Amino acid sequence: MQSQFETLLVELDGPVAVVTINRPKALNALNQKVLEELLALGNSLRTSPAVRAVVLTGAGEKAFVAGADIAAMAAMQPAEALGFAELGHRVMDGLESLPQPVIAAVNGFALGGGLELAMACDILLASESARFGQPEVSIGVMPGFGGSQRLPRRVSFGAAAEILLSGDSFPAAEALRLGLVNRVLPLADLLPEAKKLAHKIASRAPVAVQKTKQALHASRQGPLSEGNATERQLFSDLFATADQKEGMTAFLQKRPPTYTGQ
Ligand code: DAK
């Protein structure tokens, strides 16, 4: 797996990759370089079966990601803005469609592109100091990396409308109440807890985990009948894996399973 980047730190902890966006002086804002490196990292993770779960966080104690880089966007004309938005969408779609589950450890501000990035992850955990929002309308734009589409799929339509249209930010406790994050933790516990969850996921049958993620995301794409058809197919595919035989045999023999990812 590629692990040398200018704006990202990538640490391997056994089967778990911990990725840190590392521009703390700009509160980890997403410029062209960060987006290009996230895209490259996603492509690398996609072909790294030894990595079974990913944790994504921001450097420093203040921000996860404080948004797309306003300095980089300020002078853009429409064609350039479209290119920037397309790059952002490729990053978010790429992250969301990774075979491995991704946990966002939101350690501070997750605003604009930062919240969009967190919502492209499967599971969000937050520190007590985290703050969320889509403030784009307050600086003359709107979400450009999928926020107008992913937020109403994460929280109620009305809550999404208020967040997107008011531009107001809100604290971790409110994100928990809205169901946007699964847990709120003291900052010192956030990364250990995210890693613990990632290791638990990594200990499960890898192909079963991947196909479950695929089915989970299919639930947001089309009608129930299509999602159920996808589930049936993925479920039956698993019966061609050695890990299905191992998992069920181990259960019947009352011993822990040993998975190979085959
Ligand atoms: N971009 C660039 N730099 C940023 C930044 C950002 N989003 N957020 C913070 N910084 C920089 C600050 O400019 C400052 O830099 P220096 O002055 O030290 O050089 C440094 O980080 C520290 O920030 P502050 O001094 O402001 O720190 P405070 O604690 O006082 O305030 C804050 C923290 C997070 C409340 C504040 O920095 C803030 O309001 N930041 C902006 C948050 C925001 O509005 N984020 C959303 C950005 S808009 C699209 C594509 C994408 C998007 C839209 C359209 N198309 C192409 C169509 C997405 C848009 C967004 O994400």
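The structure displayed is predicted, hence computed values, not measured ones. Any value given below was found using the heavy atoms of this structure, including those in side chains, with hydrogens, waters and symmetry copies removed. Just follow the structure's listing: the first ligand is 1, and inside any ligand the first atom is 1. By convention here, the first residue in the shown sequence is residue 1.
Rounded to the nearest 0.5 Å, atoms NZ (Lys196) and CG (Asp189) are 9.5 Å apart. Annotation: the span from Leu30 atom CG to Glu116 atom CD amounts to 9.0 Å, rounded to 0.5 Å.
Within the 4.0 Å heavy-atom shell around ligand 1 one does not find Met76. Every heavy atom of Arg131 sits 4.0 Å or more from the atoms of ligand 1.
Remark: atom 12 (C) of ligand 1 lies closer than 4.0 Å to no protein heavy atom. Atom 25 (O) of ligand 1 is never approached by the protein to below 4.0 angstrom, counting heavy atoms only. By the definition of a contact as any protein heavy atom under 4.0 Å away, atom 38 (C) of ligand 1 is not in contact. Proximity of atom 17 (O) of ligand 1 to the protein is not indicated, since no non-hydrogen protein atom lies closer than 4.0 angstrom. Counting only heavy atoms, the protein never gets under 4.0 Å from atom 30 (O) of ligand 1.
The heavy atom nearest to atom 55 (N) of ligand 1, out of those in Ala72, Pro143, Ala85, is found in Ala85. Around atom 22 (C) of ligand 1, the closest heavy atom drawn from Leu87, Leu27, Asn31 belongs to Leu27. The nearest non-hydrogen atom to atom 1 (N) of ligand 1, considering only Ile139, Val137, Ile70, Leu30, comes from Ile70. Between the choices Phe84, Phe109, Phe145, the shortest heavy-atom distance to atom 35 (C) of ligand 1 belongs to Phe109. Between Ala66, Gly147, Ala26, Pro24, it is Ala26 that holds the heavy atom closest to atom 4 (C) of ligand 1.
Glu128 places no side-chain N or O within donor-acceptor distance of the main-chain N or O of Leu185, the cut-off being under 3.5 Å. Lys213 places a side-chain N or O within 3.5 Å of a backbone atom of Gln100 that can act as its donor or acceptor partner. Side-chain atoms of Lys245 never come within 3.5 Å of backbone atoms of Ala240 as a donor-acceptor pair (strictly under, hydrogens ignored). Formation of a donor-acceptor pair under 3.5 Å by the Arg46 side chain with backbone atoms of Leu41 is not found in this model.
Salt bridge absent: Lys33 and Glu36 never bring a charged side-chain N and a carboxylate O closer than 4.0 Å. Taking 4.0 Å as the cut-off between side-chain N and carboxylate O, Arg255 and Glu246 count as a salt-bridged pair. A salt bridge is defined here as a Lys NZ or Arg NE, NH1 or NH2 lying under 4.0 Å from an Asp or Glu carboxylate O, and Arg220 with Glu96 meets this definition. In summary, Lys211 and Asp243 do not engage in a salt bridge, as defined by a charged side-chain N under 4.0 Å from a carboxylate O.
Residue Gly113 places at least one N or O, backbone or side chain, under 3.5 Å from an N or O of ligand 1. Ligand 1 has an N or O atom lying under 3.5 Å from an N or O atom of Ala68, backbone or side chain. For Lys62, a nitrogen or oxygen atom sits less than 3.5 Å from a nitrogen or oxygen atom of ligand 1, counting backbone and side chain alike. Looking at Val141 next to ligand 1, no N or O pair under 3.5 Å apart turns up.
A 4.5 Å side-chain heavy-atom check between Ile21 and Leu8 finds at least one atom pair inside the cut-off. Within the 4.5 Å cutoff, the side chain of Gln214 has no heavy atoms near those of the Thr230 side chain.
Nearest non-hydrogen protein atom to atom 59 (C) of ligand 1 is Glu136 CG, 3.5 Å. The protein atom (non-hydrogen) at minimum distance from atom 56 (C) of ligand 1 is Ala81 O, 3.0 Å. Atom 54 (C) of ligand 1 has Met142 O, 3.3 Å as its closest protein atom, hydrogens excluded (heavy atom only). For atom 44 (O) of ligand 1, the closest non-hydrogen atom of the protein is Pro135 CG, 3.5 Å. Of the protein's heavy atoms, Gly144 CA, 3.6 Å lies nearest to atom 49 (C) of ligand 1.
Residue contact check: Ala29 has heavy atoms under 4.0 Å from atoms 1 (N), 2 (C), 6 (C) of ligand 1. Proximity to Asp69 (heavy-atom distance under 4.0 Å) selects the following atoms of ligand 1: 1 (N), 2 (C). Which parts of ligand 1 touch Leu111 is read off a 4.0 Å heavy-atom cut-off, strictly below it: atoms 34 (C), 42 (C), 45 (N). Of all atoms in ligand 1, numbered sequentially from 1 with element shown, those under 4.0 Å from a heavy atom of Lys25 are 20 (C), 21 (O).
Side chains of Arg23 and Thr7: a donor-acceptor N/O pair is absent below 3.5 angstrom, by distance only.
By the criterion of side-chain heavy atoms lying less than 4.5 angstrom apart, applied directly or through intervening Ile, Leu, Val, Met, Phe, Trp or Tyr residues, Phe170 is grouped together with Phe64 in one hydrophobic cluster. Connection of Leu180 to Leu164 is established within a shared hydrophobic cluster, with ILVMFWY side chains joined at heavy-atom distances below 4.5 Å, either directly or through further cluster members.
Only the side chain of Met73 comes within contact range of ligand 1, with a heavy atom under 4.0 Å; no backbone atom does.
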